[in-house]
> 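Mind looking over this structure? Questions follow.
Naming: A, B, ... by sequence-line order, numbering from 1 per chain.
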Amino acid sequence: MSVENCTVSCMLIDCDIHVGYETLRDLVPYLDGATAEIVEQSGTNGLGMPSYPWYHPTGWLRGDAYDRDAAADGVLMVGQTLDRVQAKVLDPFDVTFGILTPDEAASFAILPNAQLGAALCRGYNDWLLAEWLEPEPRLRGLLVVTPQHPQAAAAEIRRLGAREEIVGVFLPGAARIPYGSPVHDPIWRACDELGLPVAIHTHFEGVGIAGHVTAAGMPDFYTEYHALTGVGMLGHLASILCHGVFERFPRTSVIMMEGGLVGFVGLLWRLDTAWRACRTEVPHCVSPPSSYVHEHVAWTTQPLEEPPDERLLAPAIEGLDPCRTLCFSSDYPHWDFDDPRQTLSRLPAAWTESVAYRNAARVFSLPVAVPA
Amino acid sequence: MTESQLRVPLVDAPAPGETRMLELAGHEIGLYQVAGEFYAVANRCPHRGAPLCSSGRVVRGIGLQQEIPVRGETPRLLRCPWHKWDFEIDSGRCLVHPRLRIRRYRVQRERDELVITLKHPVRRPAQRPPAPTAQAVSSSGGSAVGPSG
């Protein structure tokens, strides 16, 4: 398939563009005094966040997304500036809206010190608004919050969730407790009040206070980890559906980001089978679990699975109701970035407009003119 | 088809492990040296179209010898900047996908120069060719077809 022969002929919404500070100290102007003191004075060189025990053997970032000469020890997102995002994503692909997702800031949700995590989230969200969302009208953001401190998370959602630039709430795939558990109800309630979706994005599984990547134990290699990241997200979706979250909070929804697609098809089939026999255990899940997908669940495309025979791809994911639920994402600037021209050309033409922008516009309530 | 050529003085040729970016008839080309030979390849990854040469890395890679991982002796692999797939510079072969190869161009040594030759379709008359440069020489009919800006 020649990418030069493919164009994105319609509007495009990119649901997963990662941005981040170069170091945590960049947040200091946006932090309360006590948290700033912790960030600046901890350890020997300031506060550090927990991170993966696996190191990417060939580089986390797209090689053309940063300046190698500017790379320095301790710097995370080298040169990840607004003008670079504009030049590499927004302008060349004529992106109507780009949804910004966190990079290291996702780790605030798996810090054992929940109060510190909540304070860092407040600083990060204010930084995101001031440095990215207010200067660039094509960008929208997701609030980073602390599931390990649901009350603080709910307060943060209510503090900023009504802002036009904020279109949802970000939770990492890594968690101590699956997100359908009633302990997270304050988060769902706040999202329900504001009509915001929750984006669950694979991040930091097996790190900090989060559970293992899988029940098999700790993977040895990054390669294993990367192929398994969707497993935790399967757990979150099963939890959310079986706890009847969308029965209690019907104005919210979830969008599953970067956890793969094919695995979710099998999960939904198995959940429905289990529900038929076990529904007395989960009476709050009033309908078959998969029946909530159409109104309340969406997925992002990247990393779009690469079967050895491309013809296998579309049938393998039809069970997700993709014309209604699938949303394009690039994952810029990470190494497994997907070019929108490639992604859309690999899916049936009948899905193009839905995947390129229609579904995302609906999920994130974006002001685009969507033909009936 | 027509041919365009680009001459590169040997003194400007890349050392092993280095990339020299060139442009010929609107095509971006990476020039490399492996084991004393020079190779010119297209700046496009055949997997997903990434800028393979301008943003990729020349690496030695790791292979197995008698089940022991060993580092390659010389930098002879080109690693894509996006998905990190490796390609042999000398053969163009992709190490992780048997059907993929990078596009290569002929490189000849002529005295103290390297001559890179690109074959490409003849441009239609309606299309205005890019401005010629002193380094570009066409071998088809005498009109120069040079690299575009």
> Using only non-hydrogen atoms and a strict under-4.5 angstrom cutoff, which residues of residues 56-77 of chain B touch chain A?
B:G56, B:R57
> Between A:D64 and A:K88, does any NZ, NE, NH1 or NH2 come within less than 4.0 Å of an OD or OE carboxylate oxygen?
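Yes, charged N to carboxylate O under 4.0 Å.
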> Flag this pair as yes if the NZ/CZ of A:R140 is under 6.0 angstrom from the six-membered ring centre of A:F97 and inside a 45 degree cone about the axis; otherwise no.
no
> List in chain and number order the residues that pass ring pair (Phe, Tyr, Trp, His ring centres under 6.0 Å) with B:F87, two or more places apart in sequence or in another chain; answer none if no residue qualifies.
none
> Tabulate, in ascending numerical order, the residues of residues 300-313 of chain A having at least one heavy atom closer than 4.5 Å to a heavy atom of chain B, or enter 'none'.
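Within residues 300-313 of chain A, the residues that come under 4.5 Å of chain B (heavy atoms only) are A:E306, A:P308, A:E310.
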> Are the ring centres of A:F221 and A:W54 closer than 6.0 Å?
no
> Measure centre to centre between the rings of A:W335 and B:H83, then say whether the value is under 6.0 Å.
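Between A:W335 and B:H83, the centre distance exceeds or equals 6.0 Å.
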> Ring centroids only, cut at 6.0 angstrom: are A:H334 and A:H18 within range, meaning strictly under it?
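Centroid separation for A:H334 and A:H18: below 6.0 Å.
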> If you measure only the distance, is there a donor-acceptor pair under 3.5 Å linking the side chains of B:E18 and B:Q33?
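Distance-only check fails for B:E18 and B:Q33.
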> Looking only at the aromatic ring of each residue, does the gap between the centers of B:F38 and B:Y32 stay below 6.0 angstrom?
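That pair fails the under 6.0 Å test.
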> Could you tell me which residues satisfy ring pair (Phe, Tyr, Trp, His ring centres under 6.0 Å) with A:Y55, sequence neighbours excluded, listed by chain and number?
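Applying ring pair (Phe, Tyr, Trp, His ring centres under 6.0 Å) to A:Y55 gives A:W60.
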